[in-house]
Amino acid sequence: MVQFPYASVVPFGRERSGLLFRAASHETPPDEILARIENLLGLDAADVLRYADKKKGQRRAVRLTREGDTVQLTGFVLAGDTSAEGWIKTLLQDQLPAQAYGRLLLVPGSKAPVAVKARGTQVCTCFNVTEDAINAELTQCRGFEDERLGQLQSQLKCGTNCGSCLPQLRRMVRATMPTAQPA
C-alpha cells in the first residue's frame, strides 16, 4: 500500500457526521487504493458520477442524492488536481442545492462552474447555525441583552446545548443593542 507522507482527517460539526481526509504523495496512488477509499466512503455504486484520466493522474467521484425537490451532494473524492475542493466542500458542508451542477462537479479547477453562495461562518456547531442566520434573527429581537439572547436561543437553538458559542452570541447581541441617547 502507498504511504502518504501527509494525511489529515477533519470531522464535521456535531449535527451531521462526515469526514474530510486529505493525503499527499509524490506519486499517483494506484487505482486499487483510490477504489478502496471510494468503497469505504460509499462512492462505489453505479449512481456515482465519475471521471478518470490516467495520463494526468486525476480521478473524481461524486454522489448526488435527491431529497424531495432538492438534489444535494452527499460525498466526493478528488485525486490528482484537488483545487475544486474549496467550492465542492462548501456544497457538501452547507447542504446547498446541487441540481445546477450535475456532471460539472467533475470539472477540475478552483473556480466553481456555477456560483456557490456559502451559508456564512458557522457560530453554533451543535445546531449548525451561521453568523448570517444569527444577524438576521437579531434584527427581530427586542429588549435588554439577556432577553435578546433568550429570543435568539428560542428561535435558532444556538447556545442551548454545549454553550461554547455563548461568548460569541453575547458579543453579537451587544453589537446590535441600541446606543443610549445623551440627555
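We count residues from 1, following the sequence as given. Fair warning: this is a prediction, and the values are worked out from it, not measured in the lab. Side chains are part of it too, since the values below use all heavy atoms of this structure and drop only hydrogens, waters and symmetry mates.
- Separation of atoms CG (Leu156) and CG (Asn128) is listed at 11.5 Å; rounding is to 0.5 Å.
- Rounding to the nearest 0.5 Å gives a distance of 7.0 Å between CD1 of Ile37 and CD1 of Ile33.
- Between Leu106 and Arg50 the shortest side-chain heavy-atom distance does not fall below 4.5 Å.
- A salt bridge links Asp31 and Lys54; the closest N-O separation between the charged side-chain nitrogens and carboxylate oxygens is under 4.0 Å.
- Remark: the backbone N or O of Ala79 is not paired with any side-chain donor or acceptor of Arg59 at under 3.5 angstrom.
- Formation of a donor-acceptor pair under 3.5 Å by the Arg148 side chain with backbone atoms of Gly143 is found in this model.
- Counting only residues at least two apart or in different chains, ring-ring contact (aromatic ring centres under 6.0 Å, His included) contacts with residues 71-95 comprise Trp87-Tyr101.
- Side-chain heavy atoms closer than 4.5 Å link hydrophobic residues (I, L, V, M, F, W, Y) into clusters, and following such links, even through other members, never connects Leu78 to Leu40.
- When side chains are defined from C-beta on, Cys126 does not count as touching Lys157, because their heavy atoms never get closer than 4.5 Å.
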For residues 169-176, run the donor-acceptor check on the side chains, cut-off 3.5 Å, and write out each pair with its distance to 0.1 Å, sequence neighbours left out.
{"residue": "Arg170", "atom": "NH1", "partner": "Asp146", "partner atom": "OD1", "Å": "3.3"}
{"residue": "Arg174", "atom": "NH1", "partner": "Glu145", "partner atom": "OE2", "Å": "3.0"}
{"residue": "Thr176", "atom": "OG1", "partner": "Val173", "partner atom": "O", "Å": "2.8"}

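- When each of Thr90, Leu96, Val62 is tested with Leu73 by the rule side chain to side chain contact (heavy atoms under 4.5 Å, CB included), just one qualifies, namely Val62.
- Of the possible polar contacts, one joining the Glu147 side chain to the Phe144 backbone as a donor-acceptor pair under 3.5 Å is found.
- Donor-acceptor pairing under 3.5 Å is lacking for the side chains of Thr130 and Asp132.
- Contact annotation: the side chain of Arg60 approaches that of Asp81 to within less than 4.5 Å [non-hydrogen atoms, C-beta and beyond].
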N/O donor-acceptor pairs under 3.5 Å from side chains in residues 41-48, not counting sequence neighbours:
{"residue": "Asp44", "atom": "OD2", "partner": "Asn39", "partner atom": "ND2", "Å": "2.5"}
{"residue": "Asp47", "atom": "OD1", "partner": "Arg63", "partner atom": "NH2", "Å": "2.8"}

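- Partners of Gln153 according to the side-chain contact (heavy atoms from CB on, under 4.5 Å) rule, which considers only residues two or more places apart in sequence or in another chain, are Leu149, Thr160, Leu166.
- Heavy atoms only, all atoms of each residue included: Pro167 and Ser164 are closest at CD-O, 3.6 Å.
- The salt bridge (Lys or Arg N to Asp or Glu O under 4.0 Å) pairs that include a residue from residues 133-142 number zero, where partners must be two or more places apart or lie in different chains.
- Partners of Val71 by side-chain contact (heavy atoms from CB on, under 4.5 Å), not counting sequence neighbours, listed by chain and number: Leu64, Arg66, Gln99.
- The hydrophobic cluster containing Leu138 also contains Met177, counting ILVMFWY residues as joined when their side-chain heavy atoms lie under 4.5 angstrom apart, directly or transitively.
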side-chain contact (heavy atoms from CB on, under 4.5 Å) evaluation trace for Gln168 with Glu131: CA-CA 10 Å; Gln168 186 171 358; Glu131 194 173 273; 3.7 Å; yes
Val129 vs Val123, side-chain contact (heavy atoms from CB on, under 4.5 Å): CA-CA, chis, key distance, verdict: CA-CA 6 Å; Val129 183; Val123 174; 5.8 Å; no
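- Rounding to the nearest 0.5 angstrom, the gap separating the CD atom in Gln122 from the SG atom in Cys158 is 11.5 Å.
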